[in-house]
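This one's a predicted model, so the numbers in the text were calculated from it and none came from an experiment.
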There are 2 protein chains.
Amino acid sequence: MSAVDNKMDFDRFLKNFKKHISNLKLKNSLQKDYILKALYFEDEHLNAEEITAKVKNDYNIDIGIATVYRALKFFEDINIITSLDIGDGAKKYELNLSTHHDHMICTNCHKIIEFNDDFIEDSQVRIAKENGFLLKDHTMIIYGICEECQ
Amino acid sequence: MSAVDNKMDFDRFLKNFKKHISNLKLKNSLQKDYILKALYFEDEHLNAEEITAKVKNDYNIDIGIATVYRALKFFEDINIITSLDIGDGAKKYELNLSTHHDHMICTNCHKIIEFNDDFIEDSQVRIAKENGFLLKDHTMIIYGICEECQ
DNA sequence: CTAGTTGCAAATGCTTTGCACAGGA
DNA sequence: TCCTGTGCAAAGCATTTGCAACTAG
């Protein structure tokens, strides 16, 4: 995908987001826009500190880490981002752009690989049903050693 | 299972544990014994603070929370306990008594249900292989609303 | 004997909160 | 305007670490 497409896509994404929170009668801000931009253009999963640094340095926006944490909680509440705790200190965050996916993490270099598996999705539905649960969501993390680290 | 059986089982478990760390040329302690006892006899998944309280109050053993954290890390390293982060603050810990299992959590009452699913286990092996990962472990948490809370 | 363990308290690191001010609807 | 969001600094919490005393092997 070219940089131009990427930018166009982000503009569309941002427009949808603004409409969405407008419908919810919530308030937006410059800072929130740029946090989304950071998450959109960064392939890695970012934590709060990394987002703060990126918005400050790359986009030259004045922002405090408290604002980032508040915005991330806001985004998670309205379900446009997902947080991921891989157990190495700070939580990482990612946009909910595509369908649900899970994560595989290299315990050596901490690389994160996303995967989507229909069997897992189906199993989750079945297991919830078997236990009388009303399914909401699931997270699955597979730990291993990636090809390069072996 | 009766209380007597339970006690016998724990005695056997503890004896095996002592032999295990003796083989590894590691050192045991009274405190570690009682942390294992707390985990063994408590059905709930306990966090560090709860373990400390139980050892202190129920078994009248002098223990500090730092020791509990250090012991838990020790146990996790030699693979006799597993930690579980359900995202509500402190990590919870459980003994590795039976085979691997995953968790389903009620987002309303925070009840934890354990389940074991062969399809999930198989999928995990297959996904790791597909991505060239050397499989080590996985965690899966299904979130939903339990029968009573619906 | 001595390396690893303990309790305590202080330190750390991530996240949240109080407050006065600024800015979006 | 009004209400909510913001940056800053301080507070909060779970977890870790330094240290001197202790203890299992």
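- Residue contacts for B/Ile63: at a heavy-atom cut-off of 4.0 Å it reaches the sugar-phosphate backbone alone, with no base atom in range.
- Residue B/Asn28 contributes atom CG, which lies 9 Å from atom P of C/dT6 at whole-angstrom precision.
- For D/dT16, one of the phosphate oxygens OP1 or OP2 lies less than 4.0 angstrom from a side-chain nitrogen or oxygen of B/Lys73.
- We find that CG of B/Asp33 is positioned 9 Å from P of D/dG25, with the value rounded to whole Å.
- OP1 and OP2 of C/dT16 both lie 4.0 Å or more from every side-chain N or O belonging to A/Tyr69.
- Aromatic rings from A/Tyr93 and A/Tyr69 are positioned such that their centres are separated by 6.0 Å or more.
- For the pair A/Lys27 NZ and D/dC3 C1', the computed distance is 5 Å after rounding to whole Å.
- Mapped onto DNA chain C by nearest heavy atom, A/Leu30 and A/Asn47 fall at different nucleotides, with A/Asn47 at the one closer to the 5' end.
- Comparing A/Arg70 and B/Ala48 by the nucleotide of DNA chain D that holds the closest heavy atom to each, the one mapping nearer the 5' end is A/Arg70.
- For B/Arg126 and A/Asp117, the salt-bridge test passes: some basic side-chain N is under 4.0 Å from an acidic carboxylate O.
- As a whole-Å value, the separation of A/Asp88 CG from D/dA14 P is 20 Å.
- Across the protein-nucleic acid pair, A/Ile61 atom CD1 and C/dG23 atom C1' stand 14 Å apart, rounded to whole Å.
- Residue contacts for B/Lys32: at a heavy-atom cut-off of 4.0 Å it reaches the sugar-phosphate backbone alone, with no base atom in range.
- A 4.5 Å side-chain heavy-atom check between A/Glu50 and A/Glu44 finds every atom pair outside the cut-off.
- Put simply, NZ on A/Lys91 is 16 Å from P on D/dC13, counting in whole angstrom units.
- Note on B/Phe115 and A/Leu134: separate hydrophobic clusters, where clusters join Ile, Leu, Val, Met, Phe, Trp and Tyr whose side-chain heavy atoms are under 4.5 Å apart, directly or indirectly.
- Rounding to whole angstrom units, CD1 of residue A/Ile65 and P of D/dG5 are separated by 19 Å.
- Rounded to whole Å, the distance from CZ on B/Phe17 to C1' on D/dA24 is 13 Å.
- A/Ile145 and B/Val125 fall into different hydrophobic clusters, defined by Ile, Leu, Val, Met, Phe, Trp and Tyr side-chain heavy atoms under 4.5 Å apart, directly or through other members.
- Considering only side-chain N and O atoms, A/Ser29 lies under 4.0 angstrom from the phosphate OP1 or OP2 of D/dT6.
- Here B/Ala90 lies in heavy-atom contact (under 4.0 Å) with sugar-phosphate atoms only.
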